[in-house]
Participant: 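The structure is given below, and queries will be raised subsequently.
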Amino acid sequence: MRAGAGSDDRAPGRSPCGAGSEDRSKLRRVLSKVTRDYWVGNEVEVLEYPTAIEFMRRAVCAYRPVIIRGLMDDWRAMEYWDLENMNELMKDAEISVNLTPDGLADAVKSVPTDNGNEKRVFTYPYECTMPFSTFYRMMEEPEEDDAVPYLSEQNDNLRQKFQQVVNDVPSSLPLVDEVFGNPETEAINLWIGDERSVTSLHKDHFEVSSVVSCYCLCFTTAIPILFVQNFYCVVCGEKTFTLFPPTDTAFIPEEKFESCGYSLTVGSSSERNHGHMKKSDLVLNNNNNSTEASTCGSSSDSAANTTNNCGSGCAGGVESDGSSSGMISWIPIDPDDEYSSIVDRYPQFVHANPLRCTLYRGDVLYIPAMWYHRVSQNCLTIAVNYWVEQSFDFRWVVCH
Ligand SMILES: O=C(O)CCC(=O)C(=O)O
């Protein structure tokens with residue numbers, strides 16, 4: 001008799017490697033429990049002025065997020081950055097701001113269809129070029145019917161576009177240099193937003209245009225992707241993170257969605273409203289192919305930057321399918337929604353291991369590569385994050 005022939009492994013409902021649906025559900029329960037008990041725990045640890053060894057032991061070797069205090073004490077940004085001072089310095093600078101009607105950029109939403117039903121699509125924000133002073137007014141004097149602005153361009157925007165303030169933060173974090181041996185900083189990003197904006201659940205990818213060694217590539221996609229570790233630094237305000245370990249990939253749904261992007265409606269009102277873009281100025285189009293002018297109260301007439309947030313050099317969500325089909329693979333849940341409404345739809349989410357934490361002024365959150373995160377602000381918040389190259393090791397293997 002051939003090995004395996006006639007054994008239970010061949011029975012209906014069993015996978016080729018022998019796990020039936022009951023076994024699989026037991027495996028899920030065990031994976032969830034050992035993840036929680038031996039690895040993730042129930043809260044994000046706080047390290048005050050850690051030495052390199054402490055950070056190494058508590059966070060890097062444990063492959064767990066931690067909040068680090070004391071890394072930003074000597075930053076000039078801590079003294080000078082608030083929205084008013086930044087506006088003084090940069091009021092005429094043209095900046096790129098993401099606009100949405102509801103504060104949800106790069107997220108899965110239900111939209112009405114022509115036949116009166118609803119469908120879920122992945123939506124990109126409208127990337128609008130505007131003077132900093134317009135952004136400042138939209139943040140300081142928001143009106144009920146305003147579109148929601150979020151300075152969340154990524155793409156290394158602090159180093160590339162904010163020369164006036166880039167030297168107010170270090171070019172790298174000394175603790176990181178010591179622990180990882182002066183690693184490459186892939187990007188330094190500036191984020192300015194408030195409680196109206198939410199960044200949906202995702203993990204950080206950094207797409208590279210150059211040819212990199214194939215073992216560094218995410219092998220589920222045709223696009224070269226590096227995973228990065230994230231050092232997220234709050235200069236003022238408050239941010240709340242909901243984090244999940246990479247092994248929760250077994251419990252976190254991911255589906256393909258048609259992608260749509262917001263663009264300007266014809267005859268939009270920004271001129272009438274001193275640059276304030278209104279919710280009604282935005283319309284959702286298939287595939288984010290808008291080439292309309294995107295100057296919102298701007299003195300220039302630059303065209304829409306239609307690079308989406310899965311474009312080169314920024315954090316995508318899960319992965320693009322790498323084709324031009326306009327389909328995007330994304331996580332269709334908000335973990336901060338009502339729990340029962342999520343598990344009704346995705347029962348395996350019951351095994352997921354969320355960790356929640358809030359960062360305050362001067363806090364740095366270390367997010368190891370491949371950890372999922374969902375982010376929101378509790379008030380007007382200015383933050384900077386460093387994406388640092390991740391060297392691949394056994395964790396990469398285990399997580400796959
Ligand atoms: O601050 C945010 O809204 C999102 C940050 C984030 O997702 C990231 O740094 O990868």
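Remember, it's 1-based here, ligands and their atoms both numbered in the order they're listed.
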Participant: Can you tell if the side chain of Thr199 reaches within under 4.5 Å of the side chain of His373, non-hydrogen atoms only?
Facilitator: no
Participant: When you measure from atom 8 (C) of ligand 1 to each heavy atom in Val198, Thr199, Asn230, which option holds the nearest one?
Facilitator: Asn230
Participant: Check each atom of ligand 1 against the heavy atoms of Asp204 and keep those under 4.0 Å away; list them by number with element.
Facilitator: 8 (C), 10 (O)
Participant: Using a 4.0 Å cut-off to any heavy atom of Tyr150, which atoms of ligand 1 qualify?
Facilitator: 1 (O), 2 (C), 3 (O)
Participant: Just by modelled atom types, is the Tyr63 backbone N or O under 3.5 Å from a matching donor or acceptor in the Trp39 side chain?
Facilitator: yes
Participant: Please report the C-alpha distance between Asp102 and Lys109 in whole Å, then the side-chain angles of each, then the deciding distance to 0.1 Å, and finally whether the salt bridge (charged side-chain N to carboxylate O under 4.0 Å, His left out) criterion is met.
Facilitator: CA-CA 10 Å; Asp102 51 9; Lys109 298 178 197 176; 3.1 Å; yes
Participant: Does even one non-hydrogen atom of Lys239 get within less than 4.0 Å of ligand 1?
Facilitator: yes
Participant: Under 4.0 Å from a heavy atom of His373: which atoms of ligand 1 are those, numbered in the order shown and with their elements?
Facilitator: 6 (C), 7 (O), 8 (C), 10 (O)
Participant: Identify, by atom number and element, the atoms of ligand 1 in contact range of Tyr232, meaning under 4.0 Å from any of its heavy atoms.
Facilitator: 1 (O), 2 (C), 5 (C), 9 (O)
Participant: Got Cys260 and Asn285 here, is their nearest side-chain heavy-atom distance under 4.5 Å?
Facilitator: no
Participant: Any side-chain heavy atom of Arg58 sitting closer than 4.5 Å to one from Leu47?
Facilitator: yes
